[in-house]
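Here's the structure we're looking at; comments come further down.
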Amino acid sequence: MAATAADSAAPTISAADTTTHLADLKHDAIASEIEIGNLTINESNNKFFHDPESSNIKTITSGDTPYVSAFTFEELNLLPELLKGLYVEMKYEKPSKIQAISLPMILNPPYLDLIAQAHNGSGKTACFTLGMLSRIDPKLKAPQAFCICPTRELAIQNLEVLRKMGKYSGITSECAIRAGFGNEFHKVKEQSIRPPITSQIVIGTPGTIIHRIRANKLSLSYLKILVLDEADHMLAEDGFKGDSVDIMSKIRCVNPQCQVLFFSATFNETVKEFAAKIVKGNHNQLFVKKEELSLQSVKQYKVNCPDELAKVMVIKDRILEFGERVGQTIIFVRTRNSAITLHRTLVEIGYDVTTIQGALKQEDRDKIVKEFKDGLTQVLISTDLLARGFDQDQVNLVINYDLPVKHNHPTEPDCEVYMHRIGRAGRFGRKGAVFNLLCGDADEKIMTKIEKHFGTEIAEVPDWRNEEDFVVALRSAGLL
DNA sequence: AAAAAAT
């Protein structure tokens, strides 16, 4: 990739010595914005692929450490085994923007806490994965890094990335997610007689991590780094706030110096404030304006449908008719029941899909995800189970069968979930399209609120019955 | 029953 002007003027993020109070953040008194080159693109032969627009990430440092963004992985002084993992296994060439900015902050002493926001599909996972791998003392066979995630699927996916990246490092890792439920006594029992965890990196869901800590099967004594993936959800009142705080305070008791990293594409004001409160005094922050969070490469559409059947018809005869040619599709629904019903309806009219939701047995969930990731299935119906973090390159279409709404305020959109859902398409700068299926005034109002929140105009597909309208939409998204 | 999560 051609070097930009910004490349030569290696930006030093100026050290700020002031406090980290929110008032300061608001005044941008200690903020310095930096500009660096575009994301590195690895698969330029992909026809659904283009250079994502350069995005602004606002950097706020505290303490007196100056950071220089890394334009190459070599500058990060990584162990050769890790560099090999990045180049050979991950097929990375250069750090993406968020990686260039955050990795120096993560990897260099004094290992400050970090609150980091970056666009969906921009390479956040690699940031904290590399962070965990680099900070492990290979000789010490004890847990030194935790990563907690909101779903089991995400924990499994993150472990897969970590093992790939760390393939030559010899660092040990495992998932801490619940294996057996209710009547699967043998599995539950298996876990209760398990020996203590010796893996150096543990990635899991909050409940299971707490359970292992309480059972004294997961030592905190050597912990160096804690990662909260999808951090805004992990810290949300109606998310995993209680569990996350519990884990953090247990760690602080034993190990007050443990570095904490919060990563997500979204941070609403409430969560942002809370995160800034619970990190250690000196810490770093990276933020993106919500108006700049929408991916330029993913086109959003709305379709007015007279009734639920029309929504089904639109999915089958208008969108998937062409959609199947351009990649995989995820259809998001609001409830488990909605997932089951839509699945049944589509099958009834002769269209085969798979469905995932939290009420399924874990082995079925695993199988459905695997089939989809292996490309054996084209269309996947999902609840918000897969709204966050799920990474599948080939997903070019997202359909919101139901719009995401706040559970205690059904007339209000859940803008964060909306952003995460549409972020399942357009991974790493690929092109994609989102179709929001609206039915009635209430839906239209919610859609308008979403548009206002992100300051984006969502194009309307004029007529749900007109095939040509959808062809135009997909073509304009760059998919046909 | 919002969904997720050792609920």
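First the proteins, then the strands, lettered A, B, ... as listed; each starts at 1.
Using modelled atom types, one side-chain atom of A:R424 and one backbone atom of A:A387 make a donor-acceptor pair closer than 3.5 Å.
Atom CZ in A:F332 sits roughly 12 Å away from atom P in B:dA4 (whole-Å rounding). Taking atom CZ on A:R178 and atom C1' on B:dA6, their separation rounds to 4 Å, with Å as the unit. One interatomic measurement links the two molecules: CD1 of A:I213 to P of B:dA6, which rounds to 13 Å at whole-angstrom precision. One can place CD1 of A:I209 at 10 Å from P of B:dA6, the figure rounded to the nearest angstrom. If you measure from atom NZ of A:K361 to atom C1' of B:dA5, you get 20 Å, rounded to the nearest angstrom. Going from atom CD1 of A:I148 over to atom C1' of B:dA5 covers 11 Å, rounded to whole Å. Going from atom CG of A:D402 over to atom P of B:dA2 covers 13 Å, rounded to whole Å. If you measure from atom CD of A:E230 to atom P of B:dA5, you get 13 Å, rounded to the nearest angstrom.
For A:Q357, taking side-chain heavy atoms from C-beta onward, the closest of the listed nucleotides B:dA4, B:dA2, B:dA6 is B:dA4. Here the nucleotide nearest the side chain of A:R336, chosen from B:dA3, B:dA2, B:dA6, is B:dA3.
Take A:E153 and apply the salt bridge (Lys or Arg N to Asp or Glu O under 4.0 Å) test, not counting sequence neighbours, and it matches A:R365.
Taking the centre and axis of the six-membered ring of A:F435, the NZ or CZ atom of A:K302 falls outside the cone set by 45° and 6.0 Å.
The phosphate of B:dA5 has neither OP1 nor OP2 within less than 4.0 Å of any side-chain N or O from A:T151. For A:R152 and B:dA6, the shortest distance from a side-chain N or O to OP1 or OP2 is below 4.0 Å. Contact check, A:T383 against B:dA4: a side-chain N or O comes under 4.0 Å of OP1 or OP2.
Among the protein residues, A:D238 comes within range of the nucleic acid bases, having at least one heavy atom under 4.0 Å from a base atom. Nucleic acid contact for A:P206: none, since no nucleic acid atom lies under 4.0 Å from a heavy atom of the residue.
The separation of B:dA6 from B:dA1, taken at their P atoms, amounts to 22 Å, rounded to a whole angstrom.
Inter-residue side-chain proximity for A:I356 and A:L380 is flagged as met; some heavy-atom pair is nearer than 4.5 Å.
Sorted by first and then second residue, the salt bridge (charged side-chain N to carboxylate O under 4.0 Å, His left out) pairs involving residues 119-137 of chain A (not counting sequence neighbours) are A:D137-A:K139.
With hydrogens and angles ignored, no donor-acceptor pair under 3.5 angstrom links the side chain of A:D414 to the base of B:dA2.
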